[in-house]
Amino acid sequence: MSLKDQITEDMKAAMRAKDSARLGAIRLLLAAIKQKEVDERITLDDAAVVAVVDKMIKQRKDSIAAFEQADRQDLADKEKAELEVLQAYLPARLSAEEVQAAVQAVVAEVSAELGRKPGPADMGKLMGTAKARLAGKADMGQVSAAVKAALAG
């Protein structure tokens with residue numbers, strides 16, 4: 001069963017259980033998936049669905065920070081509930097040590113490719129390679145911090 005089919009089945013289960021909060025979050029996710037499919041005229045595979053989920057999670061985290069800064073705890077709580085539902089559709093994330101090891105491998109690969117140690121100007125090249133390798137497996141903010149740390153020393 002594909003991830004998209006699983007999300008649809010979860011929506012049906014939430015409807016039967018009359019779980020309106022979960023149902024709303026799943027419907028938002030399905031709408032985002034459908035929008036991407038319509039915009040690009042493709043059918044999304046599991047990796048693309050994970051990318052949509054990742055994007056929605058980032059949006060929820062940004063919203064939570066903004067709502068808490070504005071003292072709107074009611075809205076922040078709603079976003080946190082949606083965040084929990086969305087996180088269930090992500091594959092298991094890599095630990096900080098695994099991310100660090102993967103970034104070190106990327107730095108070594110790019111270093112060999114360039115024939116020198118990468119510097120701050122090579123951040124984009126490192127992130128591009130790291131994103132291709134770790135998309136959906138790790139939080140890209142964590143990856144970015146690991147790349148910056150590797151470049152710093």
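When a residue number appears, it is its place in the shown sequence, counting from 1.
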Identify whether [X] and [Y] are in the same connected component of the hydrophobic contact network (ILVMFWY, side-chain heavy atoms under 4.5 Å).
X	Y	value
Val50	Val85	yes
Val38	Leu29	no
Val110	Leu134	yes
Ile33	Met1	no
Leu83	Leu75	no

Minimal heavy-atom distance between Ala146 and Gln100, with the atoms involved, is CB-OE1, 3.7 Å

Pro120 to Leu151 - nearest heavy-atom pair and separation: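 Scanning both residues completely, I find the closest heavy atoms to be CA-CD1, 4.1 Å.
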
Taking Glu79 for its side chain and Lys61 for its backbone only, find out whether a donor-acceptor pair lies under 3.5 Å.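 No; zero donor-acceptor contacts below 3.5 Å.
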
So does Ser95 get a backbone contact from the side chain of Glu98, meaning a donor-acceptor N/O pair under 3.5 Å? yes

Heavy-atom check, side chain of [X] versus side chain of [Y], under 4.5 Å:
X	Y	answer
Met123	Ser144	yes
Asp139	Val143	no
Gln35	Asp39	yes
Tyr89	Ile26	yes
Ile7	Met11	no

Pairwise distance [atom1]([X]) to [atom2]([Y]) - rounded to 0.5 angstrom:
X	Y	atom1	atom2	answer
Ile57	Gln87	CD1	CD	5.0 Å
Leu23	Lys18	CG	NZ	10.5 Å
Arg16	Lys12	CZ	NZ	7.0 Å
Ser63	Glu68	OG	CD	11.0 Å
Lys4	Thr43	NZ	OG1	5.5 Å
Lys58	Leu86	NZ	CG	14.5 Å

Using side chain to side chain donor-acceptor pair (under 3.5 Å) as the criterion, list what pairs up with Asp5, not counting sequence neighbours. Ser2

Matching residue for Ile64 among Lys80, Glu82, Gln69 - test: side chain to side chain contact (heavy atoms under 4.5 Å, CB included): Lys80

Residue pairs involving residues 107-120 (criterion side-chain hydrogen bond (donor to acceptor under 3.5 Å, both in side chains); sequence neighbours excluded): Glu109-Arg133, Glu113-Lys125, Arg116-Asp122

From CA spacing to verdict: side-chain contact (heavy atoms from CB on, under 4.5 Å), Gln73, Lys78: CA-CA 9 Å; Gln73 196 57 44; Lys78 181 179 179 285; over 6 Å; no

Here's a test for you: under salt bridge (charged side-chain N to carboxylate O under 4.0 Å, His left out), which of Lys131, Arg93, Arg60, Lys137 qualifies with Asp54? Arg93

